[in-house]
Structure formats: C-alpha cells, structure tokens
Enquirer: 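Input: one structure, supplied below.
Nothing fancy with the numbering, it's 1 onward along the sequence. Bear in mind that the values here come from a model prediction, so they are computed numbers and not experimental data. Numbering of ligands and ligand atoms starts at 1, following listing order.
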Amino acid sequence: MKGKVVLLGTSSGIPTKDRNTTSVYLQFSGDGFLFDCGEGTQRQIFKADLNINRINYIFLTHLHGDHVLGLPGLIQTLDFHGKKRIKVFGTPTTKERIECLLRGSIYAQEIEVDVEEIKPPESVERIYEDENFYINAVSMNHVVDCVGYSFVEKDRTVYRKELIKKLNLTASDFISLEKRGYTKKNGRVIKREELKEIKRGFKFTFVTDTYRTDNIIKLAKNSDILVIESTYLNEEEKAREYKHLTLEYILEIYQEINCKKIILTHFSRKYANLKSFEREIKKRGYYNIYLGYDFFTVEF
Ligand SMILES: [Zn+2]
Ligand SMILES: [Zn+2]
C-alpha cells in the first residue's frame, strides 16, 4: 500500500449527527495532506487513527466556515506537539483570516503557518512541486473564490521486470546495458530503452463547492481517485442558485472524466438517507461511484 484517502467529513454547511463538515486526508508515502478543515476535523483525525503530526500541507478550497473552522484547533494541537511549520494553500485573504482565527483564543503561537494565497487559476495550473509530486489547481464556480486541487505523483521510469525475467538477463548484461546502451542475448540485440517503461503516477482530485464548469473535467480527468461534491440529487435550480453540483451532472460527465474511483461527498442535510442517489447510480450500472461517509477509506 502506497497510501490512502480518508473522508473526515461529508456534510455540507453544518455537521449532522452522522456527518462532520468537510475534510479529506490523503496519506502518501509518509506525508499527510489535508484538503479543507471543517470544524471538528482534528477529532475525526484521531478517530480515524491517522497521525496528525504527519500533516505538512493543508489545501483550502475556499473560505466558507464549513471548510475552515477546524483550523485553529488543529493548528494549536500541532503546535502543542512541537511541530515547527505547516504550509497552507488557499484563495486570496486566507492569511489574514487564519491569523484572525488563531487570535480568537489565548495561546502563544510558536508554529510557523506558511500561507500561500493563490488567485484561482483560469486554467489548470501547477501551484506546487516537490521531488515526487506536484499539485494542480483551477478555479471553480462557487459564490466566493474557490479552487479544486489535484495531487499528482510524478511518472517514473522503471525496469520491465517480467521482460527481464523472460530474457534471462544476467549481471554482465546489465553492465553492458549501462556501458553501451545495449546487450547481445542469444544472437539478438537488446536496447536499454526496450527494458524500461513509464509508470504513471497516482492522481487524486478534490472538487467541492462549485456549480458545473468545464474546469472540473479538465482537473479531474484520468484521476485514480476523485472526491467530488454531490450536494444535490437532481435539483438543478437549487444547484445553480447556491452554486453546487448534482449527482445528475456527475453522471453526465462520468465518461469524459474517466476516473477509476469516484467518491461523492458534501451531501445536503435535507436527505434523510441517500437511497435515491444509490438508485440513480445503480440504474446506470456504474460500480465505481461510492457514496461517501465519515471515515470512508480507500487504499491505493
Ligand atoms: Zn461547503
Ligand atoms: Zn461553500
């Protein structure tokens, strides 16, 4: 297992008895990435048995309370644990708002909160890059500035193990391959390039609080895991007014986005249960769309 995605909150607006407000935890090779931080997120992290100290990055889609009110508590806890620095990405004014949230209680801050404000990009843009991964972001279509994010593991060149086994290559073949770029085996010339292949990196996308926009498709395309809001079932008028998505829209773009797993979240609390959602998905025969719930986990 390389990592996992854990939903920490799946309700829109306010928490319910069963659902907390929005947050998603991505664990990847020892690092923790938090996407949004609704009130109570840190408690959800503990309940899910995730390591809070591994969180080095927080990505905020927008500044509505149900996506950020968990920040002061979480940051204070990281500080108590002696963490030196946390990097936060968000839309313009994120820095002053986080400072405000942190000033709201008496506490001697030591942790450095490194906020990077990003103007919502019109088209998909790489906003951060590390040795092994990069983060893409693009503007969404909400009532306030809002961005969607993708975490993309960089592609790697790896040896084709099966082929190497089949060809019965030895250590001296590899010396030759390194030196000359080829080796001779049973009268055949084998080039180094033949033995290598590109291993596509893992891609995770998080889309929430938006009405329909082509940017969703551009960002989410070919993701291994897509977590996407489905506040409504098919109430298009409401979705347009409050700038949210319907399940109907997600089914519409299903083929085009070509994602391996789609997890729905941010459900309106007007639904006592999600049976109607389940029925619609089943009707289409799509077996890789999941109805998210708190602590829903996908390993990869
Ligand atoms: Zn929301
Ligand atoms: Zn919102």
Enquirer: Relative to each other, are the rings of Phe33 and Phe133 parallel, tilted or perpendicular (30° and 60° limits)?
Expert: perpendicular
Enquirer: Rest of the hydrophobic cluster containing Leu167 (Ile/Leu/Val/Met/Phe/Trp/Tyr, side-chain heavy atoms under 4.5 Å)?
Expert: Tyr159, Leu163, Ile164, Leu169, Phe174, Leu177, Ile190, Leu195
Enquirer: In terms of ring plane angle, is the pair His64 and His62 parallel, tilted or perpendicular, where the classes change at 30° and 60°?
Expert: perpendicular
Enquirer: Name the atoms and distances for all side-chain donor-acceptor pairs under 3.5 Å in residues 44-52, with sequence neighbours left out.
Expert:
{"unit_1": "Gln44", "atom_1": "NE2", "unit_2": "Leu8", "atom_2": "O", "d": "2.6"}
{"unit_1": "Gln44", "atom_1": "NE2", "unit_2": "Asp294", "atom_2": "OD2", "d": "3.2"}
{"unit_1": "Asn51", "atom_1": "OD1", "unit_2": "Asn53", "atom_2": "N", "d": "2.9"}

Enquirer: Measuring from Arg212:CZ to Asn141:CG, what's the distance to the nearest 0.5 Å?
Expert: 10.5 Å
Enquirer: How many protein N, O or S atoms are found at a distance of less than 2.8 Å from the Zn ion (ligand 2)?
Expert: 4
Enquirer: Under the 4.5 Å side-chain heavy-atom rule for ILVMFWY, direct or indirect, which residues accompany Phe80?
Expert: none
